[in-house]
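Encoded as structure tokens, the structure appears first; notes follow it.
As the structure is a prediction and not an experimental result, all values here were calculated from the model. Just the heavy atoms: all of them, side chains too, but no hydrogens, waters or symmetry mates, feed the values below. Count residues from 1 along the sequence.
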Amino acid sequence: MHALSVLLHVTILASGLGQPFALAGEGDTLFWIDADAKQLLSMPKAGGAITVLATGADTQSPWSVAADASYVYWLDAADATVRRTPRAGGASVILATAQPSQGLAGIATDGSYVYFSSYDGNGTGVVRRVSKWGGFVQTLATGTNPTALVVDSWFVYVADASVLGGNNTILRVPKSGGAKVTISSNEDALGLAADANNLYWKRFWTGDVRRGSKWIAGATTLAPNGGGWGDLGVDATYVWWTTGPVLHRSNKLTGGEEVVYEAPSWALSLEIDPSAVYLATERTSEEIPDGAIVKVTP
């Protein structure tokens, strides 16, 4: 057990979920895929009824769901497709097909395009985009193993990290295509988050949480204890991350580390808004037979 250093309030928003994965949020709603039930689900951030938005959903990545004001976009590893589903439920639309399932790792949207990472026919990692309405699929950049993605008004930022080997870099690519820029090298990154000026990620092997400028190459270590499987996000003041079941935070400017919460099982994906952090905790054994959605309010 870890000693907690932050006062907090914990609410179990939903339990008995099987294997919740790929947690995302937009507005007042949370979205995730239950990898056991093969469903895309939603519920209010305040708690309440769970809505099944789509069936047959499958995922292999904690970064495979994104949303805007009207739709949820998700990577379906079962048939290697990129899909769009109305937030209120309804027919799902395939936006891109024939993406090798091992490469369906990261997805992001700017409200006009959907950006995603996959592999081409030769096994090369690629970052692609497609209009939210479907059509031509454009390749923006290649890499070793592009995973988590974030976008802003000008660029797509990519964690190109195979963890076990490869280039392991943080990349910046123009949203419409063009030359890619290496922001930082030797970064076996899991998770990627951004604010107006900086990017944040956690290293798998070396175990630290890092910050890099969007504009200047290089990176700064903010905190230890970032290693291993987990996810990462930011709010106005802190960078938050999970390592196994433990939720940590660090001041984005001054660094340091605080242990905020220890879940009963691993929390491989998280979502952050100005008022709370939301975790999808997984089923790990007969002792912890069900997954849950947890709201942590510091």
Show, in sequence, the C-alpha distance, side-chain angles and deciding distance for Asp68 and Thr109, and conclude whether the side chain to side chain donor-acceptor pair (under 3.5 Å) test is met. CA-CA 7 Å; Asp68 61 19; Thr109 184; 4.5 Å; no

Which residue pairs pass the salt bridge (charged side-chain N to carboxylate O under 4.0 Å, His left out) test with at least one member in residues 227-237, sequence neighbours excluded? none

Test of understanding: with salt bridge (charged side-chain N to carboxylate O under 4.0 Å, His left out), list the residues that count as partners of Lys180, not counting sequence neighbours. none

Return yes if some donor-acceptor pair links the side-chain N/O of Ser269 with the main-chain N/O of Leu23 below 3.5 Å, else return no. yes

Kindly write out the residues that satisfy side chain to side chain contact (heavy atoms under 4.5 Å, CB included) with Phe21, not counting sequence neighbours, or none if the list is empty. Thr59, Pro62, Leu268

Asp273 vs Tyr278 side-chain heavy atoms within contact, under 4.5 Å: yes

Side chain to side chain contact (heavy atoms under 4.5 Å, CB included) involving Ala219 - partner list, sequence neighbours excluded: Ser184, Glu187, Trp201, Arg210

Answer yes when Lys38 and Asp58 have at least one side-chain N-carboxylate O distance shorter than 4.0 Å, and no when they do not. yes

List, by chain and number, the other hydrophobic cluster members for Val181, where Ile, Leu, Val, Met, Phe, Trp and Tyr join if side-chain heavy atoms come within less than 4.5 Å, directly or indirectly. none

How far apart are the closest heavy atoms of Leu30 and Glu271, and which atoms are they? CD2-CG, 4.1 Å

Taking only residues two or more places apart in sequence, or in another chain, which ones meet Tyr113 in a ring-ring contact (aromatic ring centres under 6.0 Å, His included)? none

Of all pairs that satisfy salt bridge (charged side-chain N to carboxylate O under 4.0 Å, His left out), the ones with a partner from residues 10-22, not counting sequence neighbours: none

Scan for ring pair (Phe, Tyr, Trp, His ring centres under 6.0 Å) pairs involving residues 51-71, sequence neighbours excluded, and state none if there are none. Tyr71-Trp133

Lys214: which residues meet the salt bridge (charged side-chain N to carboxylate O under 4.0 Å, His left out) condition with it, sequence neighbours left out? Asp152

Given a cutoff of under 4.5 Å between side-chain heavy atoms of I, L, V, M, F, W and Y, with clusters grown through shared members, what are the other residues clustered with Leu222? Tyr200, Val209, Leu232, Val234, Val239, Trp241

Which residues satisfy the salt bridge (charged side-chain N to carboxylate O under 4.0 Å, His left out) test with Arg129, sequence neighbours excluded? none

How would you list, by chain and number, every residue that makes a side chain to side chain contact (heavy atoms under 4.5 Å, CB included) with Thr29, sequence neighbours excluded? Phe31, Ser42, Arg87

At what distance, to the nearest 0.5 angstrom, does CG of Asn186 lie from CD1 of Ile170? 11.0 Å

